[in-house]
Structures are given as C-alpha cells and as structure tokens.
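Heads up, the thing below is written out as structure tokens.
Protein chains get the first letters and strands the later ones, always in sequence-line order, with residue 1 at the start of each. This is a predicted model, so every value here is computed, not measured.
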Protein chains: 2
Amino acid sequence: MTIAEVSKKYGLTQDTIRYYEKMGLIPPVPRNKSGIRDFDEQSCRWIEFIKCMRSSGLSIEVLKKYVELFNKGKSTVKERKDLLIGQREKLLEKQEDIKKTLDRLNYKIELYDDIISGKRKDFMEEP
Amino acid sequence: MTIAEVSKKYGLTQDTIRYYEKMGLIPPVPRNKSGIRDFDEQSCRWIEFIKCMRSSGLSIEVLKKYVELFNKGKSTVKERKDLLIGQREKLLEKQEDIKKTLDRLNYKIELYDDIISGKRKDFMEEP
DNA sequence: TATTGACTTGGAGCTAACTCTAAGAGATAT
DNA sequence: ATATCTCTTAGAGTTAGCTCCAAGTCAATA
C-alpha cells in the first residue's frame with residue numbers, strides 16, 4: 001500500500017504520516033527496492049492505533065515511548081501496561097472536564113432559549 | 001482581589017490571567033488608582049467560566065468571540081446561543097473520541113494483565 | 001528520449017497558547 | 001531615605017504538532 005492510499009484510508013495527510021514515522025510514533029515502514037514506503041498490514045494497524053490515540057490527545061512523546069517499549073519485546077509488558085494506565089487516568093480526567101463543561105453549556109443554552117422564546121424576561125447578564 | 005489572590009484561587013498563573021485579559025477572553029478588569037488590577041466578583045466569575053471552558057479545549061478565539069457578543073448586550077443572545085451550540089457539538093465529538101480510546105486502552109490493559117499473570121501465554125505482539 | 005507524476009528527504013515555517021524577560025511604578029517596612 | 005515587594009507593560013521566546021517547500025529519484029507513458 002502506498003502512502004497515498006494509506007493517507008486516503010485513514011484521513012491523515014501524507015506529511016503527517018511521514019512525520020509520525022520520523023518521530024517514532026510508528027515503527028519504520030517497509031520500503032520497496034527504490035526506497036518508497038510500502039505499508040503492510042502491521043503498519044496500517046499502527047497508523048490506525050496512533051490515529052485513535054492522537055484523536056483524544058495522547059502526546060507524541062508518550063506514544064513514541066510506547067512504540068519504543070513495544071519494539072523491545074515482551075520484557076517491557078509491565079512498563080507498557082503502566083504507561084497505558086497513566087494515559088487512561090489522564091483521559092478519565094479529561095472526560096470529567098468535558099462533562100462539566102457540557103453541563104454548563106447545556107444550562108446556558110437553555111437559558112438563552114428561554115430568553116429567546118420570551119419565557120424569561122428578567123434575565124441578568126452574567127458570564 | 002489582587003491578581004496574586006485570583007491566581008491562587010483558580011490555579012492559573014498571573015501571566016495566564018493577564019494574557020486572557022489582553023486577548024479579550026475576559027472583559028477588562030477594574031483597576032485601582034495606581035493602575036493595579038482589583039478583581040471584583042464579576043471578573044472572578046469570568047475567570048472561573050473561562051477556566052472551565054479552556055479546560056475542555058474551547059479555543060481562545062471562540063471564547064473571545066463570545067465575550068465580544070456578550071459585551072454587545074441582549075441583541076446578541078441568539079448568536080451567542082448558536083456559538084455555544086456549535087461548541088457543544090465539538091465537545092460531544094471529543095467525548096466520543098475519548099470513549100473509543102478508553103475502550104481500547106481498557107482492552108489492552110486487560111490483555112497485558114493476562115500476560116503478566118500468566119493467564120495468557122500465547123500472545124502475539126501487535127499494536 | 002523526454003516528460004509526467006508520485007514518491008523521497010531535510011529543513012524551514014506556521015499556529016495556538018502560553019511563558020518569560022526587562023524595565024519601571026508605587027506601597028510598605030526599616 | 002532606602003530597600004523590598006508586588007504589581008505594571010510590551011514584546012521576545014518556547015513548545016507541540018503539524019505543514020509546506022525545494023531539490024531530487026524513479027517508473028511509466030508519449
């Protein structure tokens with residue numbers, strides 16, 4: 001699979017994919033005899049995995065670390081697990097922040113709705 | 001309230017608070033006779049509101065827009081509501097991304113747990 | 001053979017959101 | 001009066017994560 005195909009399949013730009021490889025977010029992609037990337041299934045799985053992790057904000061740095069551990073083999077299983085647990089913690093906090101913000105947005109939107117529909121005429125302007 | 005007190009109360013650096021004011025994320029803060037910020041309740045509410053919104057990733061740009069509309073008064077209520085609805089949409093998507101990532105992390109963590117506890121000896125290394 | 005087009009690289013450039021620095025003002029303690 | 005402390009500003013610097021560019025290689029087509 002060429003980089004163009006992978007780019008289209010996963011909705012990442014070619015530049016981004018090359019950047020991820022350069023940064024060590026995915027293991028080196030196999031090349032053909034003229035040095036052009038030829039993505040195999042394993043590479044695609046990595047792309048998909050990284051895309052998912054990045055979509056919720058895991059940092060380049062931590063994903064790079066994960067790939068490094070992965071490449072060292074079975075001896076790093078415990079360390080990899082701990083790394084993932086740390087990131088799960090962070091995501092749970094983020095999820096909480098978002099829930100709080102959503103509550104607040106919902107409240108405000110309802111308030112504005114009431115004002116617009118004339119149900120509430122007595123409103124005070126406050127943040 | 002001085003900037004030091006506000007900084008401590010909300011866990012934002014003084015620099016960040018000044019930056020937010022400069023960027024128009026919060027309306028101008030009242031000053032004493034020697035030009036030093038003296039945060040009143042309204043200012044504090046703005047700080048708290050912006051902190052919440054920023055904590056889940058709403059951009060400086062969109063929050064600035066919101067403050068602008070707010071300062072124009074009641075005529076912008078509809079526009080403000082639409083802006084908040086747009087941001088709610090974004091947050092809901094983000095929430096979905098995080099949920100997917102959490103599922104994936106949980107799956108992997110369990111797998112690693114099984115490997116560590118010896119419950120699973122047949123594992124293939126894959127992303 | 002010449003051209004086209006998709007790939008390659010290193011490295012420069014960009015944006016968002018801070019973060020830091022330098023220079024200075026004003027209130028308070030010694 | 002002097003020193004200390006907290007504040008002020010404009011503007012420079014930093015970081016993460018891309019994004020773009022120029023120059024070059026290679027395979028396929030006219």
With A:Leu25, which of A:Ile50, A:Thr16, A:Ile47 fulfils side chain to side chain contact (heavy atoms under 4.5 Å, CB included)?
A:Ile50

Between A:Arg104 and B:Met53, is the side chain to side chain contact (heavy atoms under 4.5 Å, CB included) condition met? List the steps.
CA-CA 9 Å; A:Arg104 207 142 170 179; B:Met53 297 298 124; 4.1 Å; yes

Taking C:dC18, D:dC21, D:dG11 as options, the one with an atom nearest any side-chain atom of B:Lys22 is D:dG11

Find the distance A:Gln14:CD to D:dC21:C1' and express it as a whole number of Å.
15 Å

Is it the case that over 12 heavy atoms from other parts of the model lie below 6.0 angstrom from the CD atom of B:Glu61?
no

With clusters defined by side-chain heavy atoms of hydrophobic residues (ILVMFWY) lying less than 4.5 Å apart, directly or transitively, does B:Ile36 cluster with B:Ile3?
no

Among D:dC18, D:dA10, D:dC7, which nucleotide has an atom closest to any side-chain atom of B:Thr2?
D:dC7

Where the side chain of A:Tyr19 is concerned, which of D:dC18, C:dC20, C:dG11 is the nearest nucleotide?
D:dC18

B:Phe49 and B:Trp46 aromatic ring geometry - parallel, tilted or perpendicular at 30°/60° bounds:
perpendicular

Donor-acceptor under 3.5 Å (A:Lys94 side chain, A:Ser56 main chain)
yes

Hey, does the side chain of B:Arg18 come within less than 4.0 Å of D:dT9's phosphate (OP1/OP2), counting only N and O?
no

Would you indicate whether the side-chain heavy atoms of A:Tyr19 and A:Asp15 approach each other to under 4.5 Å?
no

What's touching nucleotides 1-5 of chain D from the protein side, N or O pairs under 3.5 Å?
none

In whole angstrom, give the distance that lies between atom CG of B:Asp15 and atom P of D:dG11.
16 Å

Does the A:Asp38 side chain pair with the main chain of A:Met1, one donor and one acceptor, at a distance under 3.5 Å?
yes

Can you check the A:Met23 CE to D:dC18 C1' distance for me, whole Å?
10 Å

Residues of residues 29-62 of chain A with any non-hydrogen atom less than 4.0 angstrom from an atom of DNA chain C: list those, numerically ordered, please.
A:Arg31, A:Gly35, A:Ile36, A:Arg37

Can you check the B:Ile3 CD1 to D:dT9 C1' distance for me, whole Å?
12 Å

Salt-bridge criterion met for B:Glu79 and B:Lys72 (N-O under 4.0 Å)
no

